[in-house]
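What follows is a single structure, written as structure tokens, with notes after it.
Everything numeric in this text was worked out from a predicted model, so none of it was measured. Throughout, numbering of the chain's residues begins at 1 and tracks the sequence.
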Amino acid sequence: MAITCFLFILLVQLCTICYGKSLPKFPAILIFGDSTVDTGNNNYISTIFQGNHLPYGENFPGRIATGRFSDGKLVPDFMASMLGLKEYIPPFLQPYLSNHDLLTGVSFASAGSGFDDLTTATSKAIPMSQQKKYFEHYIEKLQGIIGEEKAQKLVSAALFVISAGTNDFIFNFYDIPTRRHQFNITGYQDFLQSLLQNFVEDLYNLGCRKMLVAGLPPVGCLPIQITAKSLFLRKCIKEENFDAQSYNAKLARLLKEIQAALLGSKILYSDAYHPFMHMIKHPKKYGFVKTRRGCCGSGTYEAGPFCNKHRPICKNASKYLFWDSIHPGESAYRYLSNMAMKKLLHHKISHNKSH
């Protein structure tokens with residue numbers, strides 16, 4: 001599970017970069033990554049990382065725990081609505097998806113996933129490599145609905161979002177230091193980004209052209225990381241935040257190089273780190289009271305199976321930046337979206353209007 005899903009910032013940034021002040025017209029949104037963009041795929045696999053039980057979904061329509069790791073909607077849901085596609089992004093593994101759902105976008109993401117295969121060996125989540133295979137199955141389904149040529153056009157015009165990486169550091173380097181026996185922090189960053197590059201290139205070879213790749217959030221400010229390393233002071237872990245920033249700087253450079261090498265591609269880096277830190281440092285501007293504890297239980301360690309119906313929840317989730325010890329609440333996603341929409345970027349990149 002990770003917090004890299006601050007896709008409101010990421011997606012809206014792509015919107016404003018590519019299309020100026022008007023909203024873009026993507027036919028579909030297709031999402032790869034971890035828990036904060038998993039809209040329910042983990043409901044259909046054997047893993048402890050599931051959010052299909054109360055109090056998850058406390059503020060979701062109908063108070064339904066759908067498998068989303070939040071009290072309500074996730075970023076993909078909000079963005080699909082903002083772009084006029086639909087109200088919710090379904091998980092690809094959900095049985096009996098309608099043709100409309102397939103044509104307008106699904107999530108392949110899985111809570112606990114990462115670029116490093118060792119990450120999912122621990123979490124039993126769906127590896128990024130398997131998410132790519134599911135996408136290949138998705139293309140076959142598209143072809144069965146609208147034909148091969150139209151399916152290819154849809155894929156080339158769709159918005160692809162890749163949001164993962166936090167779990168790799170938490171599971172393999174910080175909390176379970178398996179990879180520390182092989183790499184220092186610089187080496188592990190480079191290792192992950194080589195896997196990320198391979199993933200991007202594989203998607204490109206399958207027809208993807210418009211991709212958005214998320215950087216890391218301030219990992220050291222996750223309540224669960226604070227609990228592990230600053231239990232009483234409740235301070236963000238500076239070293240982990242510094243590592244996230246250096247990773248992001250490398251990633252921004254790498255994505256420019258990848259785009260230059262892949263003809264016709266638009267591969268953008270989006271910064272999740274600084275906007276999120278702004279919310280932590282200036283909580284009153286966003287209506288938050290608590291930024292270092294989650295709403296569920298004590299807010300210090302509860303997440304997944306430990307955030308359950310036997311744990312009390314706060315009276316007003318909108319006052320908490322985090323819903324559990326790892327994931328933001330619906331209120332945070334909504335504020336992030338509004339903030340991102342105000343930051344309309346000045347740059348314009350031409351696009352094919354026929355899409």
Side-chain angles (χ1 to χ4, degrees), residues 1-6 8-9 34-36 49 51 55-56 58-59 69-72 111-112 123 165-177 180 185 214-248 271-308 310-336 339:
M1 293 181 288
I3 203 161
T4 46
C5 71
F6 296 113
F8 274 125
I9 296 169
D34 50 36
S35 59
T36 47
F49 295 139
Y56 289 105
E58 175 72 18
N59 292 309
F69 284 82
S70 179
D71 60 315
S123 67
T166 302
N167 292 326
D168 295 311
F169 287 97
I170 290 177
F171 291 162
N172 303 324
F173 205 85
Y174 296 139
D175 299 355
I176 307 174
R180 284 196 177 191
I185 185 62
L216 296 178
V219 180
C221 290
L222 300 182
I224 198 165
Q225 294 302 98
I226 292 175
T227 298
K229 292 145 192 174
S230 182
L231 178 59
F232 300 109
L233 294 178
R234 305 300 302 173
K235 290 185 177 180
C236 294
I237 312 307
K238 291 183 179 180
E239 179 184 356
E240 294 181 7
N241 284 351
F242 178 83
D243 292 343
Q245 291 183 83
S246 62
Y247 174 94
N248 290 341
D271 174 23
Y273 185 96
H274 292 98
F276 194 70
M277 279 301 295
H278 194 269
M279 299 182 77
I280 292 174
K281 292 180 178 179
H282 308 282
K284 291 183 180 179
K285 291 185 177 181
Y286 305 94
F288 295 123
V289 175
K290 299 289 186 181
T291 61
R292 289 174 172 80
R293 294 177 184 269
C295 175
C296 183
S298 68
T300 59
Y301 72 90
E302 294 91 344
F306 302 107
C307 177
N308 55 54
H310 302 295
R311 303 288 181 182
I313 58 174
C314 65
K315 292 182 179 180
N316 189 347
S318 68
K319 299 295 183 183
Y320 284 68
L321 176 59
F322 290 95
W323 167 249
D324 61 19
S325 65
I326 299 173
H327 307 96
E330 181 182 83
S331 177
Y333 292 135
R334 184 177 289 111
Y335 282 120
L336 285 167
M339 180 176 64

Cys221-Cys236 sulfur separation below 2.5 Å?
yes
All side chain to side chain donor-acceptor pair (under 3.5 Å) counterparts of [X], not counting sequence neighbours:
X      : result
Lys229 : Asp175, Glu240
Asn316 : Ser318
Asp243 : Tyr174
Asn59  : Asp71

Taken in chain and number order and not counting sequence neighbours, the residues that satisfy ring pair (Phe, Tyr, Trp, His ring centres under 6.0 Å) with Phe173 are Tyr188
With sequence neighbours left out, what residues match His274 under ring pair (Phe, Tyr, Trp, His ring centres under 6.0 Å)?
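Expected list: none.
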Starting from the C-alpha separation in whole Å, work towards a yes-or-no answer on side-chain contact (heavy atoms from CB on, under 4.5 Å) for Leu321 and Lys290. CA-CA 6 Å; Leu321 176 59; Lys290 299 289 186 181; over 6 Å; no
Atom pair [atom1]/[atom2] of [X] and [Y] - distance to nearest 0.5 Å:
X      : Y      : atom1 : atom2 : value
Thr291 : Tyr320 : OG1   : OH    : 11.0 Å
Cys307 : Ile326 : SG    : CD1   : 10.5 Å
Trp323 : Cys295 : CH2   : SG    : 4.5 Å

query = Are the aromatic rings of Tyr56 and Phe69 close, with centres under 6.0 Å apart?
reply = yes
Heavy atoms only: give me the nearest [X]-[Y] pair and the separation to one decimal.
X      : Y      : result
Phe288 : Ala332 : CZ-CA, 3.7 Å
Asp34  : Gly165 : OD2-N, 4.1 Å
Thr166 : Pro217 : OG1-CD, 3.3 Å

Which residues satisfy the side chain to side chain contact (heavy atoms under 4.5 Å, CB included) test with [X], sequence neighbours excluded?
X      : value
Ser325 : Pro223, Ile224, Ala303
Ser298 : Thr300, Tyr301, Glu302
Tyr273 : Pro218, Asn241, Ala244, Gln245, Asn248, Asp271, Met277
Lys235 : Ser230, Leu233

**Request:** Measure from the side-chain N and O atoms of Arg292 to the backbone N and O of Arg234, and report whether any donor-acceptor pair falls under 3.5 Å.
**Result:**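 Yes, because the side chain of Arg292 sits within donor-acceptor range (under 3.5 Å) of the backbone of Arg234.
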**OP:** Please answer whether the main-chain N or O of Ala111 pairs with a side-chain N or O of Ser35 as donor and acceptor at a distance below 3.5 Å.
**Re:**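 No, because the side chain of Ser35 does not come within donor-acceptor range (under 3.5 Å) of the backbone of Ala111.
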Checklist entry - Just wondering, do Phe171 and Ser123 contact through their side chains at under 4.5 Å, heavy atoms? => result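 They are in contact (side-chain heavy atoms under 4.5 Å apart), so the answer is yes.
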- Task: Before giving the answer on side-chain contact (heavy atoms from CB on, under 4.5 Å), spell out for Asp324 and Phe306 the whole-Å C-alpha distance, their side-chain angles and the decisive distance to 0.1 Å.
- Result: CA-CA 9 Å; Asp324 61 19; Phe306 302 107; over 6 Å; no
>> Pair Phe169, Tyr247 - check ring pair (Phe, Tyr, Trp, His ring centres under 6.0 Å), show working.
In response: CA-CA 11 Å; Phe169 287 97; Tyr247 174 94; 5.5 Å; yes
- prompt: Please, which pairs that meet salt bridge (charged side-chain N to carboxylate O under 4.0 Å, His left out) have at least one residue in residues 215-225, sequence neighbours excluded?
  reply: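 Listed once each, the pairs would be none.
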Q: Tell me, with the steps shown, if Leu222 and Phe322 meet side-chain contact (heavy atoms from CB on, under 4.5 Å).
A: CA-CA 9 Å; Leu222 300 182; Phe322 290 95; 4.1 Å; yes
